[in-house]
Student: 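Below are the structure tokens for one structure; questions will follow.
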There are 2 protein chains.
Amino acid sequence: MSNATVSNAFNRPDQLSKSKREEILKACKELGYFGPNKAAQSLRKGSFNIVALVLPDSVEYMVSDPVASSFMRGVASVLEAQHINLLLFSGTADNVGDIVDFVDGLICYGRPRNPKLIEHLANVSKQVVTVDFDLPSHASINIDNQQAAFDVASKALNDESDVAIFGLRLLDTDLLCRVYEQSLIDLETSIAHQRYSGYLKAIEECGLTLGEDRVWNIPESSERFANIAAKELLNLSPRPNTVLCMSDLIALPLLREAKKLGVKIPQELKVVGFDGVDEALRFSPSLTTIHQNSEEKGREAAKLFLDKSDAKVMLGYTLKMGQSC
Amino acid sequence: MSNATVSNAFNRPDQLSKSKREEILKACKELGYFGPNKAAQSLRKGSFNIVALVLPDSVEYMVSDPVASSFMRGVASVLEAQHINLLLFSGTADNVGDIVDFVDGLICYGRPRNPKLIEHLANVSKQVVTVDFDLPSHASINIDNQQAAFDVASKALNDESDVAIFGLRLLDTDLLCRVYEQSLIDLETSIAHQRYSGYLKAIEECGLTLGEDRVWNIPESSERFANIAAKELLNLSPRPNTVLCMSDLIALPLLREAKKLGVKIPQELKVVGFDGVDEALRFSPSLTTIHQNSEEKGREAAKLFLDKSDAKVMLGYTLKMGQSC
DNA sequence: CTGTTAGCGCATTCAA
DNA sequence: TTGAATGCGCTAACAG
């Protein structure tokens, strides 16, 4: 009874006699051997049944975001069915090397915060699927952010609009600030830019202009920063009467704060969001927003991955009219 | 120049001359070799820099839950600092064998839904930390669920209470149903039972009894099931005037539904929750609940793990009085 | 300071 | 049907 025979007993039952196999299995049980070591097996075979989920930011931040959570849910639902496990990787790290050798490939949700990581990702020789951003010669899933932003902004704007924008990480900084130098915005790639560009187009079509103190950079889609920005905005004089928000999560605190101050919505303040999270639809006044099906995004990403596809897929979105404009 | 020397060039710079090292590193770069293969390295060394996070249920369900998300955030914040990555493992699976050979150990958040998994977990020979349940001879973190449930229930109850309980997975079923046969409840281990037992004690101390149609089994902490249970309860005649809910997430839909029907809170209906999620504190009327610091739980679990501890730790909780009772 | 050897645990030849 | 040999890529121990 050699190691190879034992291997066969576990992996290729047809390669040995039934009696021998049972004899081996029984002996293994007695010795406390519960089957091949998966690490060694994977080293040998080169497959791991593990997929890295590369997050845009730290794991900490990620799991708080309902949009990201929906995405994960979609991914997990497809991969779980194939007994593939998820390895979380922070978008703030840059050492993909630490994990690439353990996984069959990577699904990257959102442009990672760390630019070095993006470089490394581009050079990975395993299957990669990117979502909400692109990498040359890898599969990707996107929605038309510019068109969607244009659509939702157009619903809020009219010729009396004094418009402001709550931008999501328009600048590469962790600071909440106004964006005075609009040239600083990375025009190339981020979804923030695409949405920004859609807003500008809608503003232009209404014959409006955007005041130079009217654009906020909110570093992450969190209540904390959005609260501060909301207060800044509401204390302005003259106060903007229309706010285009790049995510629902930063629009909701604005609605809450405005309600608290007795500002009438939508008469005195119109607000639109982006993403279509449950809370935005449930809130009173409900938020006009772009709904994107994040769970479907996750499922599609997982499918592209399983198919070893290199397709560039564009998904749809839905404009949800609420009471906020 | 041998393989071992190259290995040293990467891992033990002090073992060879600076010139040799640079020569090697340069040659590697040209050949497109970016350092040791981590899978092979780990096979050799037996350490992986990966920790499995064993979830109580499927990944899909997990990421929707704000309490679980906080926990993950806590775990991740500690492990990320050590460059340890998280591998998610579903509590509905039973093949820990698929991943145990890839990780340095496991952190198990909540009693896994799959009983087979629990058996396997008990036999794992790597470091294991359990949270909100126990495994013999492994480290664990808990809160005193029974006492906490007693505390919060006591705030809601008086001698005029007609009390009902929204239980979280009191029965091992995916069905929303009433719990008529209270003997069916697994008395041993689940946090649901511990909380149930605390409720009963509080009810008894008030000299009350629990009607036999007054206990609901809600299979998971989700809005969907809680909505249905809320409607069932509010349509009852006589209607309970006090509801003890085993999580905030199932208490909130009840508050919403009651508000919609114009039921006065707390005059006509008192509600208490468990967990202390943000939304519960923000809601109007705010929910009286037990706040447990899930993020701290996560951090502590990660620390126990890193310390290779086998301690059984009991964490505190806080009673948060709201307007709901 | 450098190179050789052995083996982590496995699965695939190939010969018997 | 079985078993001996080889190597996946790496590193610890040792010899030079």
Side-chain angles (χ1 to χ4, degrees), chain A residues 1-50 52 83 85 87 95-105 123-127, chain B residues 1-50 52 83 85 87 95-105 123-127:
Chain A
M1 175 159 71
S2 77
N3 57 348
T5 312
V6 177
S7 174
N8 281 333
F10 280 97
N11 299 318
R12 316 163 116 196
D14 50 315
Q15 296 293 309
L16 71 176
S17 67
K18 194 154 193 172
S19 62
K20 190 84 188 169
R21 178 173 143 87
E22 277 168 8
E23 177 194 334
I24 290 176
L25 260 35
K26 189 180 152 216
C28 285
K29 205 160 235 169
E30 281 169 14
L31 292 168
Y33 177 88
F34 296 107
N37 178 299
K38 299 290 175 181
Q41 193 169 41
S42 287
L43 175 62
R44 181 64 228 257
K45 304 218 278 193
S47 83
F48 298 83
N49 283 350
I50 297 178
H83 296 285
N85 295 103
L87 178 62
N95 45 340
V96 229
D98 284 2
I99 56 130
V100 273
D101 295 330
F102 288 115
V103 301
D104 296 322
N123 294 321
V124 166
S125 59
K126 300 193 171 182
Q127 173 72 9
Chain B
M1 177 160 70
S2 78
N3 56 350
T5 312
V6 177
S7 173
N8 281 332
F10 279 97
N11 299 318
R12 316 163 117 198
D14 50 313
Q15 296 293 309
L16 71 174
S17 67
K18 196 155 192 174
S19 62
K20 191 85 187 168
R21 178 174 143 87
E22 277 168 10
E23 178 195 334
I24 290 176
L25 259 37
K26 191 180 148 215
C28 285
K29 206 160 233 171
E30 280 170 14
L31 291 168
Y33 178 87
F34 296 107
N37 178 298
K38 300 290 174 181
Q41 195 170 40
S42 288
L43 174 62
R44 183 60 228 257
K45 304 221 274 195
S47 82
F48 299 82
N49 283 348
I50 298 178
H83 297 284
N85 295 104
L87 178 62
N95 45 338
V96 229
D98 284 2
I99 55 130
V100 73
D101 294 329
F102 287 115
V103 302
D104 297 321
N123 294 322
V124 166
S125 59
K126 300 194 172 182
Q127 172 71 9

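These values consider heavy atoms only, across backbone and side chains, with no hydrogens, waters or symmetry-generated copies. Each chain gets a letter, A, B and so on, in the order the sequences are listed, and its residues count up from 1.
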Student: Please report, rounded to the nearest Å, how far the P atom of D:dG9 is from the CZ atom of A:F102.
Tutor: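 Atom CZ in A:F102 sits about 15 Å away from atom P in D:dG9.
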Student: So, do A:K38 and B:D98 sit near enough that their side-chain heavy atoms are less than 4.5 Å apart?
Tutor: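 Yes, side chains in contact.
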Student: Rounded to the nearest angstrom, tell me the gap between atom CZ in B:F48 and atom P in C:dC8.
Tutor: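 About 14 Å, once rounded to whole Å.
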Student: Return whichever of A:N8 or B:D14 has its heavy-atom-nearest nucleotide of DNA chain C closer to the 5' end.
Tutor: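 So the residue in question is B:D14.
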Student: Do B:Q127 and B:D104 come close enough that some side-chain heavy atom pair is under 4.5 Å?
Tutor: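 Side chain of B:Q127 against side chain of B:D104, heavy atoms only: no contact under 4.5 Å found.
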Student: In whole angstrom, give the distance that lies between atom CD1 of A:I24 and atom P of C:dA11.
Tutor: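 Going from A:I24 (CD1) to C:dA11 (P), I get 13 Å.
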Student: Looking only at side-chain N and O atoms, does B:R21 come under 4.0 Å of OP1 or OP2 in C:dC1?
Tutor: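 So the side chain of B:R21 is outside the cut-off, no N or O lying under 4.0 Å from OP1 or OP2 of C:dC1.
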Student: Evaluate the side-chain proximity of B:R21 to B:L25: yes if any heavy-atom separation is below 4.5 Å, no if none is.
Tutor: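 Side-chain contact under 4.5 Å: yes.
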Student: Indicate, with a heavy-atom threshold strictly under 4.0 Å, whether A:S7 touches base, sugar-phosphate, or nothing.
Tutor: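 Contact class for A:S7: base.
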Student: In this structure, how many angstroms lie between the P atom of C:dG3 and the CD atom of B:E23, rounded?
Tutor: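 Atom-to-atom, B:E23 to C:dG3, this comes out as 9 Å.
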Student: A:Y33 near the nucleic acid: base, sugar-phosphate alone, or nothing, with a heavy-atom cut-off under 4.0 Å?
Tutor: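 Answer is sugar-phosphate: A:Y33 comes under 4.0 Å of backbone atoms only.
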Student: Taking the inter-plane angle between the rings of B:F10 and B:Y33 on a 0 to 90° scale, is it parallel (under 30°), tilted (30 to 60°) or perpendicular (over 60°)?
Tutor: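 It falls in the perpendicular class, over 60°.
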Student: Would you classify A:N11 as touching base, sugar-phosphate or nothing, given that sugar-phosphate means primed atoms plus P, OP1 and OP2, and contacts are heavy atoms under 4.0 Å?
Tutor: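 Sugar-phosphate contact only - A:N11 comes under 4.0 Å of backbone atoms but never of a base.
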Student: Which of residues 39-47 of chain B sit near DNA chain D, with a heavy atom under 4.0 Å from it?
Tutor: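 Of all residues in residues 39-47 of chain B, the ones placing a heavy atom under 4.0 Å from DNA chain D are B:A40, B:Q41, B:R44, B:K45.
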Student: Nearest whole Å is fine: how far is C:dC8 C1' from A:N37 CG?
Tutor: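 So the CG-C1' distance, A:N37 to C:dC8, works out to 9 Å.
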Student: For the side chain of B:R12, starting at C-beta, report the closest nucleotide among D:dC10, D:dA12, D:dA5.
Tutor: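 Per side-chain heavy atoms of B:R12, the pick is D:dA12.
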Student: Can you find a side chain N or O atom of B:T5 that sits less than 4.0 Å from OP1 or OP2 on C:dT2?
Tutor: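 For B:T5, the contact criterion (side-chain N or O under 4.0 Å from OP1 or OP2 of C:dT2) is not met.
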Student: Indicate yes or no for a side-chain donor-acceptor contact from A:N37 to the backbone of A:A40 under 3.5 Å, with no hydrogens or angles considered.
Tutor: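 Yes, the answer is positive, given that a donor and an acceptor are paired below the 3.5 Å cut-off.
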Student: D:dT11 C1' sits how many Å from B:Q15 CD, rounded?
Tutor: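 Roughly 12 Å, once rounded to whole Å.
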Student: If you check every side-chain atom of A:A4, which of D:dT1, D:dA5, D:dC10 has the closest atom?
Tutor: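 In terms of side-chain proximity for A:A4, the closest of D:dT1, D:dA5, D:dC10 is D:dA5.
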Student: C:dC8 C1' sits how many Å from B:K38 NZ, rounded?
Tutor: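 Answer to the nearest Å: 17 Å.
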Student: Hey, what's the ring geometry for B:F102 with B:F48, parallel, tilted or perpendicular (30° and 60° as the breaks)?
Tutor: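 Plane angle over 60°, so perpendicular.
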Student: Between C:dC10, D:dT2, D:dC10, which nucleotide gets closest to the side-chain atoms of A:K20?
Tutor: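 Nucleotide nearest to A:K20's side chain: D:dT2.
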Student: Take B:R44 and B:Q41 through the side chain to side chain contact (heavy atoms under 4.5 Å, CB included) test and state the conclusion after the steps.
Tutor: CA-CA 5 Å; B:R44 183 60 228 257; B:Q41 195 170 40; 5.8 Å; no
Student: Could you state the CZ-C1' distance from B:F10 to D:dA12, rounded to the nearest angstrom?
Tutor: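 Roughly 18 Å, once rounded to whole Å.
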